[in-house]
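Since the structure comes first, as structure tokens, the remarks are kept for the end.
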Protein chains: 2
Amino acid sequence: MTKDRPYSALVQRLKVAGLRPTRQRLALAKLLFEAPGGHDRHITAEQLHAEAVADNVRVSLATIYNSLHQFTEAGLLREVVVESGRSYFDTNVTDHHHFYFEDSGRLQDIPGEMVQLENLPTPPVGAKVARVDVIIRVNESGE
Amino acid sequence: MTKDRPYSALVQRLKVAGLRPTRQRLALAKLLFEAPGGHDRHITAEQLHAEAVADNVRVSLATIYNSLHQFTEAGLLREVVVESGRSYFDTNVTDHHHFYFEDSGRLQDIPGEMVQLENLPTPPVGAKVARVDVIIRVNESGE
DNA sequence: TCAACAGTTTAGAATGATTCTAAGGAGGTT
DNA sequence: AACCTCCTTAGAATCATTCTAAACTGTTGA
């Protein structure tokens with residue numbers, strides 16, 4: 001039988017991340033990482049919750065938040081902040097940047113190698129660079 | 001008399017921006033743009049409110065928010081978002097970028113010319129670049 | 001100088017996203 | 001199956017921010 005195979009890729013992925021493969025974490029991981037539409041998803045907690053509900057997965061919002069943060073800490077997701085009061089979680093954890101469409105609130109990936117950062121200033125003494133985010137904010141409306 | 005001179009620089013600045021120079025807007029503008037510590041301030045609404053209170057200026061939080069947004073629209077301030085759920089307002093409106101100290105939540109300006117962005121991808125058709133933000137996230141704790 | 005109107009301020013309620021709490025539930029191991 | 005720890009959850013709580021409706025003030029023109 002191919003379904004319910006105990007050691008599917010997702011189960012392994014969670015275990016490697018040090019997270020117990022619970023019902024809800026598996027369901028969320030599936031929605032996030034095996035979405036039919038492909039990868040490079042930028043999703044909010046509310047959106048993921050809506051998807052889960054639509055997929056008949058019963059999960060509380062609290063668990064959505066817990067899971068998103070745990071996945072992020074484990075390196076399975078990356079948090080992107082472009083707008084105060086709303087966090088996006090990006091399934092693309094490779095080095096890359098973003099276009100942000102201010103009108104629609106949509107994000108679009110820019111491959112890391114498409115942006116060349118020259119002459120980056122050295123960080124202050126004692127500080128280590130955790131990440132460099134480049135956000136290109138664009139408008140689509142003819143304003 | 002030098003105080004209460006009706007056409008001080010701040011009054012003019014507000015008028016040019018199309019904002020009536022009211023008591024509270026003047027007081028806030030003074031705190032923001034004529035702070036003794038110098039320019040390049042990165043301040044939140046709550047912080048500004050606290051400064052106003054400490055300076056015996058009676059202003060409501062609602063007015064703080066209104067003013068910060070009006071100043072931003074008028075180009076006197078720039079909003080910086082680095083962390084979900086908290087907006088910083090930057091008194092430096094020239095082209096520049098930021099170091100963000102994740103431990104302390106502090107921001108530090110990086111002059112625009114210190115970051116050279118090469119090969120920026122062209123925005124999607126119909127979209128115009130409003131701004132490019134570069135945020136260098138750093139940690140100070142020896143983690 | 002002063003009336004009058006439009007633009008401002010305000011307290012407090014409302015909102016929206018996120019976090020907390022404490023109690024019940026479910027993996028995994030023996 | 002027992003057991004312990006980790007996980008999930010409903011609902012309350014929190015936090016930043018926005019809204020509302022009423023009171024107030026700058027400015028203009030008579």
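Quantities reported herein were computed from a predicted structural model and do not represent experimental measurements. Naming convention: chains lettered A, B, ... in sequence-line order (proteins, then strands); numbering from 1 in each chain.
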State which of [options] makes the closest approach to the side chain of [X].
{"X": "Ser60(A)", "options": "dT9(C), dT9(D), dG28(C)", "answer": "dT9(D)"}
{"X": "Arg20(A)", "options": "dC6(D), dT8(C), dA10(D)", "answer": "dC6(D)"}
{"X": "Lys15(B)", "options": "dT27(D), dC7(D), dT18(C)", "answer": "dT27(D)"}
{"X": "Arg23(B)", "options": "dG26(D), dG11(D), dT18(C)", "answer": "dG26(D)"}
{"X": "Asn66(B)", "options": "dT17(D), dT9(C), dT8(D)", "answer": "dT9(C)"}
{"X": "Leu61(B)", "options": "dG28(C), dA11(C), dT17(D)", "answer": "dT17(D)"}

| Nearest nucleotide by nearest heavy atom, which residue falls closer to the 5' end of DNA chain D, Gln24(A) or His69(B)? | Gln24(A)
| query | Taking for each residue the nucleotide of DNA chain D with the nearest heavy atom, is it Ala62(B) or Arg25(A) whose nucleotide lies nearer the 5' end? | reply | Arg25(A)
| message | Under 4.0 Å, heavy atoms only, any strand: does Ser87(A) hit a base, just the sugar-phosphate, or nothing? | response | sugar-phosphate
| message | For a quick check of understanding: with a heavy-atom distance under 4.0 Å over all strands, which category does Thr63(A) fall into, base, sugar-phosphate or nothing? | response | base
| Testing Asp133(A), Thr91(A), Thr94(A), Thr72(A) for side chain to side chain donor-acceptor pair (under 3.5 Å) with Arg78(A), which one passes? | Asp133(A)
Return the value, rounded to whole Å, for the distance between atom [atom1] of [X] and atom [atom2] of [N].
{"X": "Leu14(A)", "N": "dC6(D)", "atom1": "CG", "atom2": "P", "result": "17 Å"}
{"X": "Gln70(B)", "N": "dT8(C)", "atom1": "CD", "atom2": "C1'", "result": "8 Å"}
{"X": "His49(A)", "N": "dT8(D)", "atom1": "NE2", "atom2": "C1'", "result": "12 Å"}
{"X": "Leu26(B)", "N": "dT27(D)", "atom1": "CG", "atom2": "C1'", "result": "15 Å"}
{"X": "Arg86(A)", "N": "dT18(D)", "atom1": "CZ", "atom2": "P", "result": "13 Å"}
{"X": "Tyr65(A)", "N": "dT18(C)", "atom1": "OH", "atom2": "C1'", "result": "5 Å"}
{"X": "Glu73(A)", "N": "dC7(D)", "atom1": "CD", "atom2": "P", "result": "12 Å"}
{"X": "Ile64(A)", "N": "dT19(C)", "atom1": "CD1", "atom2": "C1'", "result": "15 Å"}

| request: Could you tell me the separation between the CD atom of Gln24(B) and the CG atom of Asn66(B), rounded to the nearest 0.5 Å? | output: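 Here the rounded value is 10.5 Å.
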| task | Decide whether His96(B) and Asp40(B) meet the rule of one side-chain donor and one side-chain acceptor closer than 3.5 Å. | result | no
| Can you tell me if the side-chain N/O atoms of Thr22(B) get under 4.0 Å from OP1 or OP2 in dT9(C)? | yes
| Glu51(B)/Arg41(B) ion pair, N-O < 4.0 Å | yes
| message | Determine whether a donor-acceptor pair (N or O, by modelled atom type, separation under 3.5 Å) exists between the side chain of His69(A) and the backbone of Tyr65(A). | response |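 The answer is yes, because a donor-acceptor pair under 3.5 Å joins these two groups.
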